[in-house]
Amino acid sequence: MSATSTEGNTGTTRTTRKALVVGGGIAGPVTALALRRAGIEAEVFEAYRTSAEGIGGTFMIAPNGLGALATVGLEAEVGRIGQPVGPMVIEDGKGRVLAEFSGLADLPRGRLMRRAELYEVLQQRLRESGIEVRYGKRLVGAEEGSDGITARFADGSSATGDLLIGADGTGSTVRTLIDPAAPAAEYTGLLGIGGYSPYRLPGRAGRGESVHFANGARAFFGYWGLADGSGTAWFSNIPQPEPLGLEQVRAVGQEEWLRRCRDLHADDLPAREVLRVADAATLEVFPRLEIMPSVPHWYRGRMVLVGDSVHAPSNSSGQGVSLAVESAVELARCLRDLPDHTAAFAAYEAMRRPRVRKIAADAARTNSQKSSGPVGRMLFKVIAPIAMRTFMSPEKTLRPVHGYRIDWDRRVLPVAPGTTGRQGRAVTAA
């Protein structure tokens, strides 16, 4: 940690640093890869004793997220997994189209994929890059010194570096070390269920060329045909006033959860037909769909937060993964260009906070609509077609979100003290 280096075209000379990255899911590995590109050594520490191959549901990576992954050299690998997102179709519970919109023509199409697919790509790249992931390392504390920070783990081991980066999700330990009074993740009032059905949708939907979102009579339903024409992927967001624990979910069982979904969507089309032949063995239940409220302190001393640990919008945003990988790359740029870590953290927060706050607020409104009663659903049915032609046109709603691009080669400038939330000169929009 005593050698010096000059970084790329920034002209910045700084002490070489090592970062301890807590969390081995998605944000942690992307952070480590971005740091490596910035010339910073990184080591990843995962609380679970084993890796997460094959675990997790399906999500979308939007064009902005694909751009961030390309920045760390994963464009080709990510382009080979999942399937591209076609036009998005908004329906009522009877299959009637209320609105339809495609992505922006000058941007790449987003991709639907299983979490396990992206996880495998990231793990492979970590191995190729020589970045070590240490399993069974549950963080319990950290001690800062004048020239570094030591992380302490539940198994009695420790590790020392210059920085500690919390990529440890909505239940972040690092967040509580930074601020013991930090807010916890909030339950959205929705339970998520998803799975596979051999039901084949008609037309382009059956070929995976469109993604459908329907506000049913009693619950929200999303579905799309698989690209190979073999069936339909589906999910349902079910209003659930009290959050359930994992053991409670498991005690109910997959067959019973599928039966409940069928009852909730008994009057909805095509949900009823999709669920009628759905395979219970493929069912995944996510008992706590969560959202992070505004976190007052993103960093303190040598500790900083990234991804869901500091900004987890609800799943309604379609931006959870994309925002996490954006922040991972932007944090690496700030640490590359601003030798003092406090200045780097301040620039990072100023760059990211306004964007994630706006996206989270929009997603919260969508969640409210999903969990609304019959009157709310009727109002949505009336308003949606008008909204999509006016204030919710793709250009107005998608451009600020999907058009965000990270300019890796542009130097990050410091921000003045007390300017948290001010947009810097670090990003260019497509």
Side-chain angles (χ1 to χ4, degrees), residues 26-27 30-31 33-34 37-38 59-75 78-79 84-85 88 101-113 118 167 291-292 294 298 305-337 344 346-366 391-413 415 419-430:
I26 302 299
V30 175
T31 301
L33 292 170
R37 184 175 179 189
F59 52 58
M60 181 187 78
I61 301 183
N64 53 299
L66 295 176
L69 290 169
T71 302
V72 294
L74 292 173
E75 182 175 16
V78 173
V85 176
M88 295 186 181
F101 59 97
S102 300
L104 300 172
D106 60 329
L107 298 180
R109 294 164 69 183
R111 296 192 73 83
L112 290 160
M113 63 185 67
L118 180 58
I291 187 170
M292 277 301 305
S294 180
W298 286 35
L305 300 170
V306 70
D308 284 355
S309 67
V310 68
H311 57 66
S314 80
N315 62 307
S316 299
S317 71
Q319 280 288 313
V321 176
S322 295
L323 290 181
V325 298
E326 276 183 9
S327 287
V329 176
E330 295 288 37
L331 176 60
R333 289 181 61 239
C334 292
L335 290 168
R336 176 197 68 188
D337 294 346
Y348 159 69
E349 181 181 357
M351 185 187 300
R352 298 300 298 161
R353 185 185 281 273
R355 174 168 170 79
V356 300
R357 181 170 53 200
K358 172 68 165 58
I359 291 172
D362 290 345
R365 285 190 289 271
T366 301
F391 62 89
M392 286 187 64
S393 68
E395 183 63 34
K396 292 181 179 179
T397 59
L398 296 183
R399 178 69 65 186
V401 179
H402 290 185
Y404 186 98
R405 288 295 178 273
I406 297 169
D407 186 348
W408 178 264
D409 294 325
R410 177 174 290 183
R411 185 178 179 181
V412 177
L413 302 178
V415 296
T419 57
T420 297
R422 188 180 77 186
Q423 285 289 1
R425 294 169 53 192
V427 177
T428 56

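Between Thr397 and Phe101, the closest side-chain pair of non-hydrogen atoms is not below 4.5 Å. In this structure, the side chains of Arg405 and Leu107 come closer than 4.5 Å at one or more pairs of heavy atoms. Proximity of Leu33 to Leu74: side-chain heavy atoms (C-beta onward) are separated by under 4.5 Å at one or more points. By the 4.5 Å heavy-atom criterion applied to side chains, Val78 and Met113 are counted as neighbours. The shortest side-chain heavy-atom distance between Asn64 and Arg355 falls under the 4.5 Å cut-off. Annotation: side chain of Val72 is not in contact with side chain of Arg37 (no heavy-atom distance under 4.5 Å). A 4.5 Å side-chain heavy-atom check between His311 and Glu326 finds every atom pair outside the cut-off. Using a 4.5 Å heavy-atom cutoff, the side chains of Met292 and Val356 are not in contact.
A salt bridge links Asp106 to Arg399: at least one charged side-chain nitrogen sits closer than 4.0 Å to a carboxylate oxygen.
In this structure, the side chain of Arg109 does not engage the main chain of Ser102 through any donor-acceptor pair within 3.5 Å. At least one donor-acceptor pair closer than 3.5 Å links the side chain of Arg333 to the backbone N or O of Asp407. Ser309 places a side-chain N or O within 3.5 Å of a backbone atom of Val306 that can act as its donor or acceptor partner.
For the residue pair Val329 and Ala34, the shortest heavy atom distance occurs at CA-CB, 4.0 Å. Closest heavy-atom contact between Pro108 and Pro63: O-CG, 3.0 Å. For Ala332 against Ala38, the heavy-atom pair with the smallest separation is O-CB, 3.8 Å. Residues Ala62 and Gly318 share a closest heavy-atom pair of CB-O, 4.4 Å. Across every non-hydrogen atom of Leu398 and Gly103, the tightest pair is CD1-CA, 4.3 Å. When all heavy atoms are compared, the tightest approach of Ala360 to Pro313 is CA-CB, 4.0 Å.
Atom CG of residue Leu118 and atom CZ of residue Arg111 lie 11.5 Å apart, to the nearest 0.5 angstrom. Tyr404 OH to Gln319 CD: the interatomic distance, rounded to the nearest 0.5 Å, is 11.0 Å. Interatomic distance, Ile26 CD1 to Phe59 CZ, rounded to the nearest 0.5 Å: 5.0 Å.
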Exercise for the section: Tell me, with the steps shown, if Leu323 and Arg352 meet side-chain contact (heavy atoms from CB on, under 4.5 Å). Expected result: CA-CA 9 Å; Leu323 290 181; Arg352 298 300 298 161; 3.9 Å; yes
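One side chain, Arg353 or Ser294, offers a donor N or O that lies under 3.5 Å from an acceptor on the other.
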